[in-house]
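Data block below; observations after.
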Amino acid sequence: MRRFLLSAIILSVICGIFFMHPEQHAPTQENPFLTLQHIMELAEASIVEGEIHYWASLGPSPKNLSLEDLESRADELLGRIAIFEEPEEPKEFKEPEDQKGFAHAVYYSKESVVKGGKDSFPEYMVVEREQELQSGARARLLLQQMDEDGRKTMHLLLTVTREGEIAPLSDLVSRIPAAFRSEAENSNLSFCLTGHIDGELLPGQMEQLAREITREIGGDQVQSVQDRGMVSVTGYTPDLGDYLKAENLRINLNLAMRYDDYLGKTVIWAGTPLIAGQY
C-alpha cells in the first residue's frame, strides 16, 4: 500500500508539473542530452545515470474499463518501447523474468462494494510495470485512470533510466513520443542527468558553481533555493528549447546539488525543463 501511495503521489505531481503546457521555442541543439552533458563537463562531474520522463494524457477511458483491462493496456504500452531499441550487439531476446509491478483500484459506488460483480467498475485505478530493456536501460510505466470534471481519463507516466553510458537514452529522445503520438492528447518530456563531483562542496560553493555553469551556457533569469545543504537553481537557456512559465519567468533548466557523506562526493543533477525525479 505504501508503494502504491508513493507512486500515485509521484504521478500526480508529475501531471501537475506538465499540465503547465510548455511554450514552444526552437532549440539550437536538437538533443537536450547534449546540453546536459556539457553541463556535467563544466562541473567536472562524472555521469552516473540518465533519465527520461514522459507524461501523456491519453484522453477519455473506455467505458466500463476494468482493472484487468488497464493491466493489459499497460503491458501493451510498455512493449512499444522495447521494439524501438536497437542494441549495439544483437542478442537473443528472452522474456524478462524480473518484470515487476502492481495494480490497485479504489471502489466508491454502492453497486461495486463486492469486487468482481457484474457492474463493479472502480472509480480510480493505477497500474505499474517495470522491465529491463535490451540496451541496459530500465523502464517504469505508471498508467492511471482518474475522474476529471466528471469524466474518466487516462494518464501515462513513463520513466526510462540507465546507469553509466547514456547514449541509448539519447536514441529514445524522439522515439518515445512517436510511440504514443496517435493517442496522446497532451504530452511532455523531461530529461535529467546525475553526476558525481569529487569531494565536498559547501552550499555557497554549489550555488556559485551552478550560477557559473548557467552563465557559461548562455542561461539567464537564474533563481536559487537552499534547503538543508541542498541547492537548487532554475534558469533559461535557448539551447534547451521548450520552457515553462512561472511568474512571467521562463524555465527550462534546473540544476541541483547536495553532498553525499556516504559517497564522499557532491551529487549534481541537471534537468530540463525541471528535474522530475527525487534529489
Side-chain angles (χ1 to χ4, degrees), residues 13-55 159 166 169-170 173-174 176-177 186-259 265-279:
V13 170
I14 295 296
C15 290
I17 291 174
F18 288 134
F19 268 126
M20 301 167 60
H21 300 299
E23 299 189 19
Q24 303 296 313
H25 182 80
T28 57
Q29 295 180 343
E30 292 184 1
N31 192 327
F33 276 122
L34 297 177
T35 298
L36 300 184
Q37 283 180 284
H38 183 46
I39 289 172
M40 291 296 173
E41 292 171 358
L42 292 172
E44 298 183 354
S46 58
I47 298 173
V48 296
E49 187 177 79
E51 282 189 341
I52 297 176
H53 293 264
Y54 173 79
W55 170 84
T159 302
I166 64 164
L169 293 185
S170 297
V173 167
S174 60
I176 288 178
N186 297 299
S187 64
N188 279 290
L189 279 166
S190 70
F191 309 89
C192 183
L193 290 183
T194 303
H196 289 167
I197 302 172
D198 290 336
E200 179 180 5
L201 294 181
L202 299 176
Q205 294 172 310
M206 295 179 196
E207 182 175 357
Q208 180 180 353
L209 176 60
R211 287 181 175 272
E212 289 175 354
I213 290 172
T214 304
R215 286 195 295 268
E216 182 69 23
I217 63 174
D220 58 15
Q221 297 183 338
V222 179
Q223 303 289 320
S224 63
V225 175
Q226 291 190 30
D227 181 33
R228 298 181 181 179
M230 183 276 295
V231 172
S232 178
V233 172
T234 56
Y236 167 79
T237 172
D239 283 356
L240 289 172
D242 296 354
Y243 55 85
L244 303 173
K245 261 197 168 181
E247 296 181 357
N248 294 322
L249 295 178
R250 295 176 294 181
I251 299 173
N252 67 359
L253 174 63
N254 189 186
L255 301 180
M257 298 185 212
R258 67 173 175 81
Y259 177 68
K265 298 176 184 291
T266 299
V267 185
I268 176 173
W269 294 266
T272 179
L274 292 172
I275 300 169
Q278 296 179 338
Y279 59 90

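At a threshold of 4.5 Å between non-hydrogen side-chain atoms, the residues Asn186 and Trp55 count as touching. Between Leu255 and Ile39, the closest side-chain pair of non-hydrogen atoms falls below 4.5 Å. Between Tyr243 and Ile251 there is no side-chain heavy-atom pair separated by less than 4.5 Å. Under the 4.5 Å side-chain criterion, counting only non-hydrogen atoms from C-beta, Val231 is in contact with Pro203. For the pair Phe191 and Leu240, the minimum side-chain heavy-atom distance is 4.5 Å or more. No side-chain heavy atom of Trp269 sits less than 4.5 Å from a side-chain heavy atom of Glu49. Looking at Leu193 and Phe33, their side chains come closer than 4.5 Å, going by heavy atoms from C-beta outward. Between Arg250 and Lys245, some side-chain heavy-atom pair lies under the 4.5 Å cut-off.
When Leu36, Asn252, Thr35 are each tested for a side-chain contact (heavy atoms from CB on, under 4.5 Å) with Asp239, only one passes: Thr35.
Here the shortest heavy-atom pairing between Tyr54 and Ser187 reads OH-CB, 3.4 Å. Minimum heavy-atom separation, Ser174 to Pro177: O-CD, 3.4 Å. Nearest heavy-atom pair across Gly195 and Met40 is N-CE, 3.6 Å.
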Worksheet item: For Gln37 and Ile166, what are the C-alpha separation, side-chain angles and deciding distance, and is it a side chain to side chain contact (heavy atoms under 4.5 Å, CB included)?
Response: CA-CA 10 Å; Gln37 283 180 284; Ile166 64 164; 3.8 Å; yes
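Distance check: Thr214 OG1 to Leu253 CG gives 5.0 Å after rounding to the nearest 0.5 Å. Taking CE of Met257 as the start and CG of Leu209 as the end, the distance is 4.0 Å to the nearest 0.5 Å. In this structure, OG in Ser170 is found 6.5 Å from CG in Leu34, a value given to the nearest 0.5 Å. Once rounded to the nearest 0.5 Å, the distance linking CG of Leu169 with CD of Glu51 reads 9.0 Å. With values rounded to the nearest 0.5 angstrom, Arg258 atom CZ is found 13.0 Å from Ile268 atom CD1. Here CD of Glu207 is found 10.5 Å from OG of Ser232. Values are rounded to the nearest 0.5 Å.
For Thr237 (side chain) and Ile217 (main-chain N/O), a donor-acceptor pair under 3.5 Å exists by modelled atom type. Formation of a donor-acceptor pair under 3.5 Å by the Ser190 side chain with backbone atoms of Pro273 is not found in this model. Between the side chain of Asn254 and the backbone N or O of Val233, at least one donor-acceptor pair lies under 3.5 Å.
Atom CD of Glu44 has 12 or fewer heavy atoms from other residues, nucleotides or ligands within 6.0 Å.
A side-chain donor from one of Glu212 and Gln208 sits under 3.5 Å from a side-chain acceptor of the other.
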